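Below is one structure, written out as structure tokens; comments come after it.
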Amino acid sequence: MKSVSRCDRTEAWSRLQALHRSSGSRFDLREAFADDAGRFGRFSFEAPELFADLSKGLIDAATLSALIDLARQCDLERRRDAMFAGEPINASEGRAVLHTALRAPRGAAAHGAEVHAVLDRMLAYAESVRDTASSGIRHVVNIGIGGSDLGPQMVVPALDDYCQRDLRLHFVSNVDGHDIAAALRDLNPAETLFVIASKTFTTQETMANARIAREWFIANGGTDTRKHFVATTTNIEAAAEFGIDTTFGFWDWVGGRYSLWSAIGLPIALAIGASNFRALLDGAHAMDEHFRVTPIERNLPIVLGLLDVWYRNFHGFTSRSVAPYHQGLRRLPAYLQQLEMESNGKRVDLDGDALPYATSPVIWGEPGTNGQHAYFQMLHQGTDVIPVEFILVREPSHAHADSHQKLLANGLAQAQALMLGKSADEAAHEKVPTASATIDPQVLARHRTFPGNRPSTTFLLDRLTPRSLGALIALYEHRVFVSGALWNINSFDQWGVELGKALCNALLPKLASSDVSGLDGSTAGLLARLRR
Ligand code: F6P
């Protein structure tokens, strides 16, 4: 696609700069709520399967309107449509970006015949394995890394309620042998199915672990590797060369970090079954449709992406913390790290020109309430402002109603505390039995002051189901698309992972020999110590 006007050269960008100078940098959430009784309604959004409260964001009507103009001036809708239409928007690799086609109903999108043929076959296979009495399989080990691991590894625990109890899923990703050693320790080859998941079927870590798994299988009396090893890949030939003939394919227009909807989702289908897997796809498709047709003003992924740009480029916030208040979503922050940072951690635009503005923030987090007892101190009183994203689920699937009320109250309270803060005056009037008896009360009050005015977004889901999870993940995918499109970067390549891979291959033989020629002093020194 032809390069479009860069965001920083638009009229809206200049207006946003002026807005930030005049009011944005002094914007105060507490005043905003005091001045506008309708703020919650004005800055909250409905999208399929979820509700989003952006009213605790550092944003007012004028800023939102300028951001929407920015989207229009950057031709965002045309770029979105180009993605859905299968134009080769991943220009540096000459590929279309069509993960949305993987969750479109039969006949509703390009590549439908191939997509549904693989999906039907994969789900039928998953059901045959789930019939554990006849398959004999009780353990599934997914061997993959990055996009061939993080999606299934996040979704399976998130949908634990839907998982079949006599089929356990294990995930091995790291080339660190401790990972596979721990996974294999208590397994029995006759009851184990290995899924070798790799788009390219060349990734060092995955191939090393796949070979270890095959050796372990044979060494421990396993027979019929053809039954116990399957592959999910675009490189069917390489899988065949490895000795695997049950393969589920996908296509180069599915990016690794967007691939859980494809054959890479096989471990999910094995865990939750065919109809639940289809519900996951349906939820994502519902969000695709919301993104595709909803006017910008009410289009949640677009508004979130615009807010991300406002925070990153005008407020200068360098990171965003994700706090899912649901234990099942404990791997969501790790999943989102790859999704956002591998997609938008770029420093040149589509034309290869260095960018004068910042791109991807750091994404990080832990489930609530654990994070509260670790790093929330810094979120409340540290020197950096870090927008936080709370994910709350209204109905739990367990019977501990009291715990759930506490969980929800904690999530709401943290967002409140970030926004409201506590003045030195308020702190000075509090009794603090745990404080030093000798400390000056004014000094103590300063330690106990919270600046407040720290932004957060809250997503509410009624329940964590395959459908709502599908919608939530697709929401994040499209939001990352939006900020990437506004920054005019290619969100779908990942050249930044190449250099380390090449240097590793060059270093490997040097680890075995004593040859440190051509190495920088530090690497040579470390290598020598490692070889002692
Ligand atoms: O880390 C780089 C990367 O290419 C990711 O984008 C990808 O998800 C991962 O490696 C795994 O690649 P593959 O599925 O080809 O093994």
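Source: prediction; values computed, not measured. Whatever order the structure lists ligands and atoms in, that order sets their numbers, starting from 1.
- Ring geometry for Trp216 versus Phe194: interplanar angle over 60°, hence perpendicular rather than tilted (30 to 60°).
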Show every donor-acceptor pair shorter than 3.5 Å between a side-chain atom in residues 270-284 and any protein atom, with sequence neighbours excluded, or say none if there are none.
| unit_1 | atom_1 | unit_2 | atom_2 | d |
| --- | --- | --- | --- | --- |
| Asn276 | ND2 | Ile272 | O | 2.8 |
| Arg278 | NH2 | Asp120 | OD1 | 2.9 |

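- For the pair Arg214 and Phe242, the cation sits on the ring face: its NZ or CZ lies under 6.0 Å from the ring centre, inside 45° of the axis.
- Within 4.0 Å of ligand 1, heavy atoms belong to protein residues Ile145, Gly146, Gly147, Ser148, Ser198, Lys199, Thr200, Thr203, Gly256, Gln338, Glu342, Gln494, Val497.
- Using bins of under 30°, 30° to 60° and over 60° for the plane-to-plane angle, the ring pair His315/Tyr311 lands in the perpendicular bin.
- Each of Val480, Ile264, Leu102, Ile473 was evaluated against Tyr258; a single residue qualifies, Val480, per the side chain to side chain contact (heavy atoms under 4.5 Å, CB included) test.
- The side chain to side chain contact (heavy atoms under 4.5 Å, CB included) with Val322 is formed by just one residue from the set Tyr476, Phe390, Tyr335, Trp364; it is Tyr476.
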